[in-house]
Amino acid sequence: MNPVPFYRRAGFRTVLGLLIWLGLYLFAIQFTGIEITWRPILIALMIFFGILLVSIAVVSQFILPVRTLSERFNSFIRLLDVFAGLRGPVIFVENGEAIEAFKERERRGAGVLLIDYSSSAVLRTETEFRTPSGPGIVFSAPGERLAETLDLRRQARLIRGSTPNGPGTSSLDNPTLAMTQDGFPISADLFVSFILDPGHTSSPREGKHPNLPPYEFYPPAAERAVLRHTYGEKDDIPWTELPARLMVDLWREAIKNYSIDNLLDQSKGAPAALDAIRQAIHTRLSQPLSSEITSGGVHRKTSREYMLLSSRGIRILAVGISNIYLPEEILAERALLWCESWSGEVDATLNQALKKEVAAGVEGERQAYETLATTVTEKLRQSLARGEQPKMTEVLSGIFQEALQLSNQRDLVADGPVLAQRIREILEQLAAPDDDPDRTTGQQNG
Amino acid sequence: MNESLPTRIQRVVLDSLRTILDLFFHRGKTGAVLRSLLGVVSLGLYWTAVTVLTGFPALLSSAWLEKIPFPVDLILDLGASYFAPDVLLFVIPVLAGYWFAMRIGAHYLADLFELESYRIGARFLRAAILGMGYDTIEISTREGLELNPSSPLQRIGGPGYLTVHLGFAVVSETIDGLPRVYGASKEKFLQGFERLREVVDLRDQLRKLDEIRTVTRDGIVVYARDAQMVFRVYRGGKTSTLGQPYPFDENAIRKLVYGQAVLDRGSRKWDQQLPSLVRREIQQFVSQLSIEEFLALQPEYPSSIETPDPVQPSAVIHIPRSELTARFHTEEARERLQKVGLELDWVGVGTWEIKESNARTPSSSSPARTIINTWQNLQRSAIYESEAHLKRVQRRSYQQYSGQRIREWIGAWDEPAPQIGYRKWRTLRRILDHLESMRRGLTGDPDYELPLNYDEMLKYLREKVGSLELGD
């Protein structure tokens, strides 16, 4: 970022403005008969500083949302301090974050904190913390500085899981990685919602009342949050991180009491394991008496996690577990099992149906045997029953005539009309006189 | 309790002082007008007093004034006296003092609110103290508050004017922290330090969720695609009219704005509440079902399925909307949404998809492929078992066998033969073979009786064919 040129800085322009006013004054004094001595200058300075004092008193009532006499007076003093170069830290706390300049907190004069209605703050000195302050104006004494800001709004943290990569998967890669009782890695999306304790157990205000500020400030909770502020090896751990860490820990503890099959129990009517785990975790984080989560059920005991959160002024509102992630190999195995059970029954049903179809085809063929055997031999059998000895031509003609009748009947023979046409031609040929070997043989046999 | 006189006097004095100060430093237009008036009057009186006390020093030359008719010359002469150097010597320090105080105040505000320019603070103070140059913010888009980064009204707060266009509502907090909701309005005056919090779009909103990963209770991953929803701010049962097209419930707006959770990446916008809710609801819906129960919700495929499609990389399933959307339209769901300040018009789930597992080998089964194949097999078996189909198959088989046999007889006749006699014999021979084969097939059925004289006929035909062979 490019530094602002000195001639554009507000301080330079203010000094320049004062010099211009001084120049105007000196320019004006030249046209009077007055000798430029200490007297007129002193008078001018007295007027200047008198008006300055009064103007500062007026302006100071509008730079902060002051309402009480004490606040008005303190605001006036703070603005005078600025004029005198004794200014302390001037910080606006908005939505739980301090809006401040670089090294603002290092100023040691008397300062001001303006805290919006969704925040609170705690001041400190070298050796002690001050009472937490809620929304409004806080006039800090010399040596006091901002220790910590707190967000009064509802917080939520979503810790996303991912598919475990198999043996050796690190929890660094997968923050919600857990192990089942039978050693399978598993993960899920975890959600936790919490708030700085509002001082009661009913639902937080959150703008429900039009005649009250939207958020509630409960000083003991803010005090606890600051006093029990946790520090890591390299950085500090804000109070908003603790619930998510506890959530993950309880999730891991719960999962190790379930085998993979219990977790994915698909029996109808059985309560979903994840739902039971979620409820137990919620109880453990939000009630002094907790539930120990096992696959055999829920057992009550004092909740360490609740005590931990309560001692830091944190109240849990809701927890959620969704989107379970299994290793790919497990998913494939379960899919295979499901495929076989799901499709097996259907395959058996299909086989049965196919058999029925084949049987219907066989029955159709059998009926065809019956019809052909009965119909095409009708004339021949009748002839034989009368004691006749029909010749080959007569036999063939009889058979083909019956076949012609069959072919002419609709839908009894495939390609019936085509065959019928051909049979007629054969019958014409049979009717034509020819060298009938049967006739010759009959004569030979006598 | 009886107060002592000094205490009572002190209390009365303090109360009076408080009242006077509250009146003088009132943050509304009334206070600004009063202060401006007092300031102007005070300055005017002081300036006049200085001019009088210095004896109306002459600034303009008398020779020039003589050329100007009366009373203009008098007015000019008196007026010019106000700007005589002798008078300005006492006025310049006053103006400089006032100017410097305002600069200090502007710098202080810039420091407090980390403003990019002290001018923002200066504009604020001019408006707040003297009622000059009130800032105006116009809200006509959802991002209305982010479009005015240099507005004192946006950065610090009132006083100023707010204009809210049709279809929007703005939430602010007064100096006492009380939430206020402004619907469509023109130049609504915001009191001192009344800060704007959020803009809410009152119109119907459509949001989409491209992909939602869900897991059935038996661990099968199913994706919901293109979930969509139409929702709006809860209207409290009010109907929209031309005059009031976007009614709203103030309570709902407050819940919506102040009930949003702060995530690790920042505050969630109010219009993201329902998509999150829908996502959770869909995930919960699926997690309570096994994959079979889930698939049981799917409608049957039409019976016209012929052959299976080539293997697809994923199975797309259509679940009837009513199963899932009914969950969002129950009384319980409606109340849950009202508690957060919303009402739902419509939700559509889109399609469900089961993707292939990455660990699947080419030959292994997968839910995706199994679903397609199994559902097709289910439909096929229903078809194959149906009475109508079986009758058709039987009939077709009958027709085909009859036709085939007759065709073979005709074929035997049509085959090349040296003479007609041979042709006849060959044809008869073929017919005999078939009649014998039919006999074998029919006698397998114990309930069947051969036609009368069938065996005698066969014997006669055998003799006929055999004698001719011998004779040949």
Side-chain angles (χ1 to χ4, degrees), chain A residues 10 14 21 25 28 31-32 44 47-48 51-52 55-56 59 61-63 65 90 92 99 117 153-156 206-207 213-214 264 266 322 324 328-329 331-332 334-335 339 343 346 349-350 353 357 360-361 363-365 367-369 373-374 381 385 392 403 413-414 419 422 426 434 437 441, chain B residues 25 85-86 88 92-94 96-98 101 103 105 108 111-114 118 128 173 175 177 179 193 215 218-219 254 258-259 261-262 283 290 357-359 365 367 370 374 377-378 381 384-385 390 393-394 397-403 406 410 413 420-421 424 438 441-442 451 453 457 471:
Chain A
T14 301
W21 282 112
Y25 180 81
F31 288 93
T32 65
I47 297 171
F48 172 76
I51 296 300
L52 180 65
S55 299
I56 283 178
V59 169
Q61 307 308 302
F62 294 93
I63 55 171
V90 177
F92 176 46
I99 314 292
Y117 283 92
R153 298 174 296 173
R154 175 191 293 251
Q155 309 289 315
E206 293 179 322
L264 303 175
Q266 48 186 308
S322 62
I324 205 163
E328 290 281 357
E329 294 78 14
L331 275 176
R334 294 199 69 82
C339 289
S343 62
V346 173
T349 308
L350 180 63
E357 194 189 41
E363 174 62 20
E365 208 172 279
Q367 285 176 359
Y369 289 166
T374 307
R381 286 185 288 110
M392 190 181 302
V413 174
L419 296 176
R422 194 67 196 94
I426 293 171
D434 57 6
T441 307
Chain B
F25 293 119
D86 291 319
L88 289 180
I92 286 174
V94 170
Y98 164 74
R103 288 293 291 212
Y108 196 86
D111 194 14
L112 177 64
F113 292 99
E114 296 303 318
Y118 80 95
E173 284 143 31
I175 192 172
F193 283 103
V215 184
D218 47 356
R254 282 198 306 273
Y258 292 111
V262 179
Q283 286 172 338
S290 67
S357 164
N358 290 337
S365 300
T370 299
T374 305
N377 288 345
L378 204 59
S381 52
Y384 294 162
E385 282 183 329
L390 289 173
V393 167
Q394 192 177 320
S397 181
Y398 176 99
Q399 289 172 352
Q400 278 172 354
Y401 185 81
S402 307
I406 296 175
I410 295 170
W413 179 268
I420 185 71
K424 291 176 186 175
M438 285 179 213
L442 286 169
N453 298 333
M457 175 205 68

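Computed over heavy atoms, backbone and side chain alike; hydrogens, waters and symmetry mates excluded. Predicted model only: the values in this text are computed from it and were never measured. Each chain gets a letter, A, B and so on, in the order the sequences are listed, and its residues count up from 1.
Across every non-hydrogen atom of B:Val393 and A:Gly361, the tightest pair is CG1-N, 3.7 Å. When every heavy atom of B:Met438 is checked against every heavy atom of A:Ala373, the shortest pair comes out as SD-N, 3.8 Å. Contact record, A:Glu365 with B:Tyr401: CG-CD1, 3.5 Å, taken as the closest heavy-atom pair. The minimum heavy-atom distance between B:Tyr384 and A:Ala353, with the atom names listed, is CB-CB, 3.5 Å.
Residue contact with chain A, scored on non-hydrogen atoms closer than 4.5 Å, involves the backbone and the side chain of B:Phe25 alike. For a residue to count as touching a neighbouring chain, one of its non-hydrogen atoms must lie under 4.5 Å from one of that chain's; by this rule B:Glu385 touches chain A with backbone and side chain alike. Contact of B:Tyr398 with chain A is made through backbone and side chain together, with heavy-atom distances under 4.5 Å.
Interface remark: of the candidates B:Ala261, B:Pro93, B:Gly403, B:Pro93 forms the most heavy-atom pairs closer than 4.5 Å to chain A. Interface summary for chain A: among B:Tyr98, B:Phe113, B:Trp413, the most heavy-atom pairs under 4.5 angstrom belong to B:Trp413. Comparing A:Val59, A:Ile56, A:Thr14 by how many heavy-atom pairs each has under 4.5 Å with chain B, the most go to A:Thr14. Between chain B and the residues A:Arg422, A:Glu363, A:Arg153, the most heavy-atom pairs under 4.5 angstrom are made by A:Arg422. Considering only heavy-atom pairs separated by less than 4.5 Å from chain A, the leading option among B:Ile92, B:Val215, B:Leu112, B:Asn453 is B:Leu112. Contact tally against chain A (heavy-atom pairs below 4.5 Å) for B:Ser402, B:Ala96, B:Ser381: the top residue is B:Ala96. Among A:Tyr25, A:Phe92, A:Trp21, the residue making the largest number of heavy-atom pairs under 4.5 Å with chain B is A:Trp21. Chain B forms more heavy-atom pairs under 4.5 Å with one residue of A:Thr374, A:Ile99, A:Thr349, A:Ile324 than with any other, namely A:Ile324.
The shortest distance between side-chain heavy atoms of B:Glu173 and A:Pro214 falls below 4.5 Å.
Proximity of a side-chain donor or acceptor of A:Tyr117 to a complementary backbone N or O of B:Ile175 within less than 3.5 Å is detected.
Rounded to the nearest 0.5 Å, atoms CG (B:Asn377) and CG (A:Leu350) are 5.0 Å apart.
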